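Working notes, structure below.
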Amino acid sequence: MIIEPMRILDNPHDPLPVEATFDRFIELVGGARVGSIVGQTPAFANADYVFSEKQFVLELKELTTDWPLLEDYQQKINDLWLKCANDGRVTARHLAGDLQLPRDVRRDFLQLLRKPIKRILEKANRQIRDTHENLRHQSGEGILLLVIDGLRSVAPQFLMALVAKILLHDYSSITGIVLITVNEYIDVPDDDFARLIWIPSYQERASDNLVDFVDDLGRKWFDFIEREIGGFDDRIEGPNKGWLEGANFARRE
């Protein structure tokens with residue numbers, strides 16, 4: 001049982017090293033690695049990037065494990081599937097993919113990923129918070145850049161819903177999050193093409209300056225990627241067909 005999987009195409013470009021690629025990109029658009037300011041072995045767990053004038057701190061994380069495909073999670077998924085079937089909430093047609101999973105069932109399956117996602121958010125929150133404190137920021141905001149190339153079994157809109165639910169109650173140093181694919185082209189609902197994505201979501205308290213900054217950063221990111229891998233055949237900037245606002249998408253044949 002896999003939760004609304006993404007369709008992965010044979011990738012039209014050679015894989016880019018994620019961290020090194022973001023290092024070059026952030027420097028080009030006026031940011032800096034925090035390590036270049038506080039040193040490579042500071043006494044605190046620092047975030048990756050800072051835009052000092054704006055007091056924006058960014059932490060880059062990569063999801064490299066497709067948890068639902070691991071043996072331990074497969075057992076948990078099978079147990080939950082049997083429970084839902086015994087409760088009459090799903091049928092064989094749902095398992096075959098002929099029917100979409102009911103919302104409450106999908107929510108229960110996504111909860112299986114809550115623990116590993118929460119660990120990532122917890123660490124990122126601490127890194128962003130400690131970086132603000134050590135750089136003496138008075139009104140800083142934090143963004144988590146989450147590259148999801150490795151998590152193929154969960155569509156990004158459902159992953160974002162889970163992340164947003166966790167952030168609603170915890171981790172006050174993460175003001176916003178951006179889901180990104182760098183080397184994987186994935187399905188976007190109601191679109192005939194698989195695409196690279198840049199999908200932001202924010203806490204209600206996020207400033208307009210931060211939202212504008214992330215939107216502009218997304219545009220510059222795709223400009224940068226085009227220079228790295230060659231021109232895109234198409235680019236879309238959200239809101240995109242009602243499923244996630246503020247999204248950016250790009251595709252190549």
Side-chain angles (χ1 to χ4, degrees), residues 1-22 48 58-81 97 100-101 103 105-125 127 143-168 170-171 174 176-189 191 193-201 218 221-222 225 238 240 243-244 246-251:
M1 181 65 188
I2 297 179
I3 309 167
E4 305 285 355
M6 301 179 288
R7 176 171 60 95
I8 308 296
L9 293 188
D10 291 334
N11 291 331
H13 70 261
D14 293 332
L16 297 169
V18 172
E19 184 175 359
T21 299
F22 266 97
D48 288 308
L58 285 65
E59 171 61 16
L60 176 67
K61 298 291 188 190
E62 296 181 62
L63 297 188
T64 58
T65 301
D66 203 351
W67 292 293
L69 299 186
L70 298 179
E71 184 175 349
D72 182 47
Y73 281 90
Q74 284 286 296
Q75 185 61 54
K76 293 178 181 178
I77 289 170
N78 290 336
D79 291 345
L80 180 55
W81 178 260
Q100 285 191 346
L101 290 177
R103 181 178 297 181
V105 174
R106 183 188 298 129
R107 180 197 61 219
D108 289 348
F109 276 109
L110 286 173
Q111 285 302 307
L112 297 178
L113 296 179
R114 184 179 181 89
K115 186 176 290 186
I117 295 297
K118 196 168 182 177
R119 283 198 299 266
I120 291 170
L121 296 178
E122 185 175 77
K123 184 175 181 180
N125 185 76
Q127 290 172 284
I143 286 289
L144 172 59
L145 304 174
L146 189 58
V147 177
I148 61 171
D149 287 346
L151 185 58
R152 299 184 175 195
S153 298
V154 182
Q157 63 267 40
F158 302 129
L159 177 61
M160 182 64 89
L162 175 61
V163 169
K165 186 175 181 179
I166 296 172
L167 289 180
L168 186 64
D170 299 299
Y171 311 127
I174 300 176
I177 182 170
V178 186
L179 296 189
I180 305 165
T181 55
V182 177
N183 295 308
E184 300 287 1
Y185 290 69
I186 67 171
D187 263 342
V188 174
D191 195 319
F193 303 97
R195 297 178 181 270
L196 296 177
I197 62 172
W198 172 283
I199 304 173
S201 183
W221 167 250
F222 282 121
I225 290 296
N240 184 65
W243 72 292
L244 277 172
N248 283 269
F249 307 91
R251 72 175 177 88

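Bear in mind that the values here come from a model prediction, so they are computed numbers and not experimental data.
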* Structure fact -> CZ (Arg103) and CZ (Phe158) are apart, to the nearest 0.5 Å, by 9.5 Å
* Asked: Take atom NZ in Lys123; do more than 12 heavy atoms of anything else shown fall under 6.0 Å from it?
  -> no
* In Å, rounded to the nearest 0.5 Å, how long is the span from CD of Glu59 to CD1 of Ile174? -> 9.0 Å
* **Min side-chain heavy-atom separation Ile117-Leu63 under 4.5 Å** => yes
* To do: Check Tyr171 against Lys118 and note the closest heavy-atom contact, atom names and distance.
  => OH-CG, 3.1 Å
* Structure fact -> Interatomic distance, CD@Gln74 vs CG@Leu69, rounded to 0.5 Å, equals 6.0 Å
* Asked: Taking the side chain as C-beta and beyond, is there a heavy-atom pair between Leu58 and Phe22 under 4.5 Å?
  -> no
* With a 4.5 Å heavy-atom cut-off, do Leu60 and Val18 have their side chains touching? -> yes
* Asked: Does atom NZ of Lys76 have more than 12 heavy-atom neighbours, drawn from other residues, nucleotides or ligands, at distances under 6.0 Å?
  -> yes
* **Sub-4.5 Å side-chain heavy-atom contact between Leu162 and Val154** => no
* Beyond-backbone contact of Tyr73 with Pro116, side-chain heavy atoms, under 4.5 angstrom -> yes
* Asked: Say you draw a straight line from CD of Glu62 to CG of Leu151; how long is it, rounded to the nearest 0.5 Å?
  -> 13.0 Å
* **Donor-acceptor pair between Gln75 and Asp79 side chains, under 3.5 angstrom** => yes
* To do: Give the minimum heavy-atom separation between Pro15 and Asn183, together with the two atoms involved.
  => CA-OD1, 3.3 Å
* Point-to-point distance, once rounded to the nearest 0.5 Å, from CD1 of Ile166 to CG of Asn125 -> 12.0 Å
* Derivation and outcome, side-chain contact (heavy atoms from CB on, under 4.5 Å), residues Trp67 and Leu112 -> CA-CA 9 Å; Trp67 292 293; Leu112 297 178; over 6 Å; no
* Report yes if some heavy atom in the side chain of Pro68 is under 4.5 Å from a heavy atom in the side chain of Leu113; otherwise report no. => yes
* Measure the shortest side-chain to side-chain distance between Val163 and Ser201 over non-hydrogen atoms and say whether it is less than 4.5 angstrom. => no
* **Backbone N/O of Ile197 and side chain of Thr181: donor-acceptor pair under 3.5 Å** => yes
* Check each of Val178, Leu167, Leu121 against Leu144 using the side-chain contact (heavy atoms from CB on, under 4.5 Å) test, and report the only one that passes. => Leu121
* Asked: With a 4.5 Å heavy-atom cut-off, do Trp221 and Leu145 have their side chains touching?
  -> no
* Which atom of Ile186 lies closest to which atom of Pro156, heavy atoms considered -> CD1-CG, 3.5 Å
* **Nearest-0.5 Å distance that lies between atom NZ in Lys61 and atom CD1 in Ile177** => 11.5 Å
